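This report refers to the structure that appears directly beneath it.
All values reported here derive from a predicted model rather than from experimental measurement. Protein chains get the first letters and strands the later ones, always in sequence-line order, with residue 1 at the start of each.
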Amino acid sequence: MNTSQKAAEVTGIDLSSFPKRQWNRFYYSNERFILGASGVVFLLALWELIVRVNLVDPLFTSSPARIWTAGIQYVSSEGFVNDFIASGSELLAGFGLALVIGIPLGIVMGWYPKFNYLVDPIFNFLYASPRIALVPLFIIWFGIGMGSKVAIIFLSSIFPIVFNTLMGVKTIDPVLLNVPRSYNAKDYQIFKTVVLPSSVPAIISGVRLGLGHALIGVVVGEMTAATMGVGHMMFTAGQTFQTDLVFVGLIIIAGFGVILTSLVQLLERHFDKWRVDIHK
Amino acid sequence: MAMKMPTEYKLVAEHVGIEYRVKRTGEYLQAVRDVSLQIKPQEFVCIVGPSGCGKSTFLNAVAGLLPFNKGHLILDGIKISGPGKDRAVVFQSPALLPWRTVVGNVKYGLELRGTDAAVMEEKSMAMIKLVGLGGNEHKYPNELSGGMQQRVNLARALASDPELLLLDEPFSALDAQTREVMQNELLRIWQETKKTAMFITHQIDEAVFLADRVIVLSKGPGSVVAADLEIKLPRPRNEATKADPEFLAKVAEIRELILNEKK
Ligand SMILES: Nc1ncnc2c1ncn2[C@@H]1O[C@H](COP(=O)(O)OP(=O)(O)OP(=O)(O)O)[C@@H](O)[C@H]1O
Ligand SMILES: [Mg+2]
């Protein structure tokens, strides 16, 4: 037994494991990423293992390796580019429209109660109606092209945007509004300097929710009467039992969603830099 | 002594009555019934009265934030009909925009009036120094203590260079020590800027310590002016002022008046 081991026994401090501290420091500063990645890797490994030992039939369940192969093949095909552009532009148009109309509408509804009373019944009716059921109607109105998909994406995502924005405006601290009023500020100045900034967290959470609904809208819109798009690709792959390709489509859409959500989070962090961190 | 012309006053209130429409019942509540008072230029006037007697209501009407249904409010010979450049309010809660830094908040009033950026910057910086917050320009409100936040609130009001400074219990949320510090600071700043000030409080010693004149409102709702007392304590005032027999006598007198109001 050498002296350092002895010391370790007495003091409980193991000097020989000093480099561990560096690893510890690395771990704690990246804890969230390391734990998250471990979870994903574990799940994928388990999935692959179950398939490899023939516990399940990969025709039904696919497997990470098969998805990878199918994914590479699909992404390098011409079909992918067309599908991606088709779905992407539908999403951009439908969700963009929902943002451009939804945020101002929510602000106006929150700010002018009379306007809210006016449109509230219409809004509640539209919100309560299952929007998937409107797909046939949209096909009649906008045809089987891009129009009907944009409409369904728009209608899927506008409600959370409007409702959250409206709540954000309604819950503004009235004391803050007295300040610009006492300086004789015009309505548009009050909007810009108080209403909009204090509603940012609510608006952004609406945008995030709306984004999720918009991605569902992409798939739902392309399930019937479509000739292109990632959603359409998934649907045809499913009908022809190409399980691997269904997963590829799922990953593309979900991955796209994750990227867009983190962009929104970046935006949120930019607006939130003044807020105190309630953890740590 | 000859009667003074009304235009010699900064602010004249003539039989002002203010009512609220209570949303719940749809009825009207006369919060202020009949308030008449005058404030001279560069005078520091405190208004005291029991809680709920309509002090904030009256101040908001002078600020132009509330309509009044009776009488007149005249500032520099012109009837008040809404908020204006000539007044600035120091609110009871600091009411700072949390997403703006100290400078951003102090600038705010000027910015709303479309002041030139360089002028705005210079004025705000000067006001931040004046209220003793130099070095904190780029902090956010949530990094400041309550006393510091009230200093920002005061600096914002002063930056717009008002004719009449309206203060609604600005120190009521502060602890006793900070409150005393802020009272001294306010007097120092007032002495430097010589703004006409209308200060609301229900702390009687605070009113006597700060004011040239203390106006006592009767119990509300439906308040009227119950008393109007001149405070002739010498300036500059300091901690010694609070031991002055004259100070103690005035505090006792006003306390008596308010107690009688409450009966
Ligand atoms: N928005 C409102 N609607 C209806 N009544 C109100 C409203 N604001 C105040 N009141 C009533 O008007 C009266 C005066 O209120 P005000 O806030 O002016 O009192 P105050 O003297 O400032 O009291 P405090 O010292 O507690 O601040 C009170 O009876 C109050 O209930
Ligand atoms: Mg009050």
Calculate, to the nearest 0.5 Å, the distance between atoms CG and CZ belonging to B:N60 and A:R181 respectively.
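Answer for the CG-CZ pair, B:N60 versus A:R181, is 11.5 Å.
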Count the heavy atoms belonging to other residues, nucleotides or ligands that lie under 6.0 Å from [atom1] of [X], then report whether that count exceeds 12.
X      : atom1 : result
B:E122 : CD    : no
A:Y27  : OH    : yes
A:K192 : NZ    : no
A:I132 : CD1   : no
A:K170 : NZ    : no
A:F256 : CZ    : no

How close do [X] and [Y] get, heavy atom to heavy atom, and via which atoms?
X      : Y      : result
B:P98  : A:L176 : CD-CD1, 4.2 Å
A:Y183 : B:L112 : CB-CD1, 3.8 Å
A:Q189 : B:E111 : NE2-O, 4.5 Å
B:L65  : A:S182 : CD2-N, 3.6 Å

For chain A, the option from B:G109, B:A63, B:P94 that forms the most heavy-atom pairs under 4.5 Å
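The candidate making the most pairs under 4.5 Å is B:G109.
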For A:N178, which atoms come within 4.5 Å of any heavy atom of chain B: side chain, backbone, both, or neither?
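Both backbone and side chain of A:N178 come within 4.5 Å of chain B.
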Region of A:V200 that comes under 4.5 Å of a non-hydrogen atom in chain B:
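No part of it gets close to chain B.
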Side chain / backbone / both / neither for B:L96 at chain A, heavy atoms under 4.5 Å:
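Only the backbone of B:L96 comes within 4.5 Å of chain A.
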Identify which part of B:T101 has an atom lying under 4.5 Å from any heavy atom of chain A, answering side chain, backbone, both or neither.
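Interface part for B:T101: neither.
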How far apart are the C-alpha atoms of B:R100 and A:T193, what are their side-chain angles, what is the distance that settles it, and do they pass the side chain to side chain contact (heavy atoms under 4.5 Å, CB included) test?
CA-CA 10 Å; B:R100 284 180 175 234; A:T193 59; 3.9 Å; yes
Apply side chain to side chain donor-acceptor pair (under 3.5 Å) to A:D187 and list each qualifying residue two or more places apart in sequence or on a separate chain.
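Counting only residues at least two positions away or on another chain, A:D187 forms a side chain to side chain donor-acceptor pair (under 3.5 Å) with A:Y112.
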